[in-house]
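In what follows, every heavy atom counts, from backbone to side chain, and hydrogens, waters and symmetry copies are set aside. As the structure is a prediction and not an experimental result, all values here were calculated from the model.
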Amino acid sequence: MSGGRRIFRLGDEAYEVESFVHGDQVELHGDPNTSFTFRRMDGDRIEVVSNGEPIRARFFRDGDVLWLHAGGKTHRFEVEVPGRSRAHGAAATRDDVLAPMTGTVREVRVAAGDQVSLGDPVVVMEAMKMEHVLKAPRDGVVAEIRCEAGAQAEAQSVLLRLEATES
Amino acid sequence: MRIDRPCTSVPADGGILLRRQPFDRILVANRGEIAVRILRAARECGLSTVAVHSSADANARHVREADRSMFLGPAPATESYLCIDKVIDAARESGAGAVHPGYGFLAENAALPEACEDAGLVFVGPPAAAMRAMGDKAEARQIALKAGVPVVPGYEGDDQSDERLTAEAKAIGFPVLIKPSAGGGGKGMKRIASEAELALGLESARREARSSFGNDRLVLERYLDPIRHVEIQVFGDATGVVHLFERECSVQRRHQKIIEEAPSPALNAETRAQMGAAAVRLAAAVGYRSAGTVEFILAPDGSFYFLEMNTRLQVEHPVTELTTGIDLAHAQLREAMGGEFGYSQSDLSLRGHAIEFRIYAEDPDSGFLPSVGRIAVYERPEGPGVRFDSGIDEGAEVTVYYDPILAKLVVWGADRDAALLRARRALAETVLLGVRTNLDFLQTVTSHPVFTSGNATTRWIDQALADLTEPKTPSAPVLALAAVAEHLTSGAASSRRAQGTVPGGDPYSPWEQLTGFRIGGTR
């Protein structure tokens with residue numbers, strides 16, 4: 001028997017689930033508060049039985065990401081243990097311009113110290129033959145450039161930082 | 001084995017570069033699903049097959065499906081799949097007698113058929129001259145006008161200065177569409193809503209056009225809205241050109257098609273016949289050979305305008321294959337060997353309904369940004385009326401280097417409703433884990449009333465995006481499945497904890513120990 005509290009993030013939504021697995025039962029506590037019979041069919045195939053109806057899934061675990069194909073739909077959960085800081089992604093604030101995908105930085109249109117306005121084009125990236133113009137997330141002053149034209153940038157890496165605003 | 005063929009200095013068809021003669025080995029100058037599809041067709045025709053690959057694709061599916069494979073160069077396409085000299089060398093070295101370009105990469109680069117001609121190789125596709133004429137949007141518009149095919153109001157002139165383009169855009173009226181003159185497939189197209197956006201749009205379009213097509217000349221057109229995108233498949237041989245009816249391609253995101261079908265729910269028999277005849281006139285005007293597609297936009301009043309001609313086999317060609325029963329890749333190979341298409345216009349008819357879904361590695365929730373990763377779990381749909389063309393395997397890496405198309409699901413049904421039922425079943429059956437895909441998005445689209453009623457226009461996805469990407473709340477059984485999967489896979493997480501690499505945890509928390517402590521539950 002084992003279990004615990006996990007946060008399953010699906011896009012912007014987070015579902016906190018306290019679950020216990022013992023024998024062939026999985027209990028969910030909180031909302032929803034229910035239990036199911038489950039079965040591991042083989043390898044990455046599992047099923048739970050809900051009101052006598054089996055719902056099957058295939059899953060794949062990749063670090064903090066849990067992929068689940070169930071009921072014909074694909075779910076990409078980011079799994080988090082409550083209270084633990086997230087491995088990445090938490091740094092995204094309105095002060096940062098992040099690379100939306102892995103690709104090449106084509107052009108940096110501003111320099112540190114420049115004043116920018118919300119929506120100003122600041123960095124141009126290219127990936128898979130498509131160009132993406134990244135824009136300033138708010139009005140502000142460019143504090144730091146963390147990329148250069150011609151270089152590769154990883155998805156979600158910080159390309160540019162604005163000076164923190166006093167509030 | 002080397003096959004040396006004499007290079008004829010005067011092409012048989014008098015001036016149009018086009019070598020047609022039998023060959024027994026073919027090189028497919030592409031990758032992914034289209035390379036696999038053409039390699040299969042070539043094998044079916046009894047040809048021996050040669051694949052090409054970059055360093056990123058050494059173990060790719062298309063490489064394994066060919067009799068042999070030739071290395072082209074490093075991962076970036078500009079150093080591998082886009083290098084004509086490397087492709088020609090690979091063909092010569094492998095003893096291939098012909099080159100099929102697929103779609104994308106070199107498929108619409110007239111320098112490839114010319115280089116093939118020089119090297120004594122058959123190019124499977126149209127004559128270079130037809131490709132050049134149609135590949136240039138400006139010239140194509142003028143040819144269409146001469147052939148009596150209506151075109152969208154626009155500017156295609158030589159003066160490419162910002163001043164002139166701005167003046168022309170104002171004369172055309174906003175919104176305008178900027179297109180790379182040398183472009184195709186929606187790449188580099190930009191909709192400009194107002195004069196304020198124009199300068200940045202022109203700059204970005206030029207840069208994109210230069211990097212994608214090596215030419216930064218632009219064409220401006222009036223942005224018509226709402227419109228449908230309907231295209232006509234044509235096929236030409238030494239005896240002339242016929243059409244194989246239309247494909248409806250209005251469901252697009254970022255100006256790129258994601259769902260195509262035939263017949264179009266928007267065409268009546270009369271418009272279909274007129275559009276088909278216009279496409280044949282245009283193709284015949286440039287002495288077209290092999291498979292090609294004439295794209296039109298269809299206005300709500302039933303009027304249609306020539307958009308561009310794609311001088312290649314299209315991504316969505318299977319839709320036509322399933323509704324006409326003609327294998328277009330076979331027909332291309334036959335024509336390239338000097339054979340005839342073999343069907344007159346009156347031999348051709350549409351049967352049933354086919355719909356294609358492009359399965360992309362992309363994230364519909366973040367503006368369809370391409371995604372990368374390893375395909376860890378992959379399950380293909382099967383069964384009656386289901387065709388699945390893919391270039392991937394379980395374990396394949398999706399990289400930043402190439403187009404993010406993973407596969408195409410094409411379903412056939414006796415009518416549109418039957419095809420839709422099949423589509424929903426097959427989409428739900430498809431499993432791709434490890435990289436973000438548009439599979440769920442395609443399912444949402446397929447069940448949306450605008451799509452099921454056949455009323456989607458090219459702007460529909462953009463307009464309905466919030467609706468189509470609304471976050472879905474996982475059901476209790478799905479959360480239970482997630483909890484079970486998490487439980488079964490938490491070994492990796494616990495070993496990382498043991499190494500002390502996960503910060504911030506409370507070592508005394510019962511959740512860290514997994515020793516059987518439990519709260520809130522009664523046994």
Side-chain angles (χ1 to χ4, degrees), chain A residues 1-6 8 10-13 15 17-21 26-29 32 34 36 38 40 44 46 48 50 55 57-62 66-77 79 81 83-85 100-103 106 121 124 126-133 155, chain B residues 187-188 200 204 207-208 211-212 254 365-367 369-372 376-377 379 400-404 427-429 431-434 436-437 439-440 443 471-490 492 502-506 509-511 514 516 518 520-521:
Chain A
M1 195 278 299
S2 70
R5 196 191 299 264
R6 294 288 185 273
F8 293 96
L10 207 54
D12 295 335
E13 306 290 319
Y15 302 90
V17 178
E18 190 181 11
S19 68
F20 300 96
V21 172
V26 52
E27 288 177 26
L28 301 186
H29 292 251
T34 181
F36 302 94
F38 83 90
R40 186 173 198 168
D44 61 8
I46 50 178
V48 298
S50 170
I55 297 162
R58 289 190 77 174
F59 66 87
F60 168 62
R61 184 65 185 262
D62 183 11
L66 175 67
W67 296 87
L68 191 75
H69 185 267
K73 303 279 184 191
T74 307
H75 305 267
R76 182 188 181 277
F77 292 108
V79 186
V81 177
R84 225 184 255 163
S85 68
M101 70 279 168
T102 302
R106 277 275 160 256
V124 181
E126 190 184 298
M128 297 185 183
K129 297 193 280 177
M130 274 184 268
E131 196 170 87
H132 304 271
V133 178
Chain B
K187 287 239 151 60
L200 181 60
S204 181
R207 187 172 40 240
E208 220 169 313
S211 85
S212 294
R254 299 177 64 129
D365 298 332
S366 309
L369 284 174
S371 52
V372 296
V377 177
E379 208 171 307
V400 296
Y401 299 111
Y402 314 114
D403 193 84
L427 284 168
E429 219 173 89
V431 184
L432 278 161
L433 304 183
R436 290 177 205 254
T437 72
L439 269 171
D440 282 19
Q443 292 186 64
K472 50 188 187 282
T473 305
S475 63
V478 166
L479 284 174
L481 284 161
V484 169
E486 153 71 10
H487 164 73
L488 293 172
T489 56
S490 55
V502 178
D506 170 5
S509 157
W511 311 123
L514 298 176
R518 181 162 71 104

- Query: Is any side-chain heavy atom of B:Leu200 closer than 4.5 Å to a side-chain heavy atom of A:Pro121?
  - Reply: yes

- Does the side chain of A:Ser19 reach to within under 4.5 Å of the side chain of B:His487, using non-hydrogen atoms? no

[X] portion near chain B, given a 4.5 angstrom heavy-atom threshold:
| X | result |
| --- | --- |
| A:Phe60 | both |
| A:Asp44 | side chain |
| A:Val17 | side chain |

- Task: Give the C-alpha distance, both sets of side-chain angles, the deciding distance and a yes or no for salt bridge (Lys or Arg N to Asp or Glu O under 4.0 Å) between A:Glu126 and B:Arg207.
- Result: CA-CA 11 Å; A:Glu126 190 184 298; B:Arg207 187 172 40 240; over 6 Å; no

- Note on the structure: Okay, B:Thr437 and chain A: the region with an atom under 4.5 Å from a heavy atom over there is neither

- Item | Per-residue contact mode, B:Val478 against chain A (heavy atom under 4.5 angstrom) | both

Shorter than 4.5 Å, heavy atoms on both sides: which option in [options] has the most such pairs with chain B?
| options | result |
| --- | --- |
| A:Ser50, A:Gly72, A:Gly103 | A:Gly72 |
| A:Phe38, A:Tyr15, A:Phe77 | A:Tyr15 |
| A:Ile46, A:Val124, A:Ile55 | A:Ile46 |

Which one wins on heavy-atom pair count under 4.5 Å against chain A: [options]?
| options | value |
| --- | --- |
| B:Gln443, B:Glu429, B:Arg436 | B:Arg436 |
| B:Ala485, B:Ser366, B:Gly367 | B:Ala485 |
| B:Ser475, B:Pro474, B:Ala376 | B:Pro474 |
| B:Leu432, B:Leu433, B:Leu369 | B:Leu433 |

- Item | Check: B:Asp440 side chain, A:Thr74 main-chain N or O, donor-acceptor pair, under 3.5 Å | yes

- So, the side chain of B:Glu486 versus the backbone of A:Phe8: is there a donor-acceptor pair under 3.5 Å, distance only? no

- Item | With B:Asp365 via salt bridge (charged side-chain N to carboxylate O under 4.0 Å, His left out) - residues at least two apart | none

- Applying salt bridge (charged side-chain N to carboxylate O under 4.0 Å, His left out) to A:Arg76 and not counting sequence neighbours gives A:Glu78

- Message: Pair B:Thr489, A:Phe59 - check side chain to side chain contact (heavy atoms under 4.5 Å, CB included), show working.
- Response: CA-CA 10 Å; B:Thr489 56; A:Phe59 66 87; 3.4 Å; yes

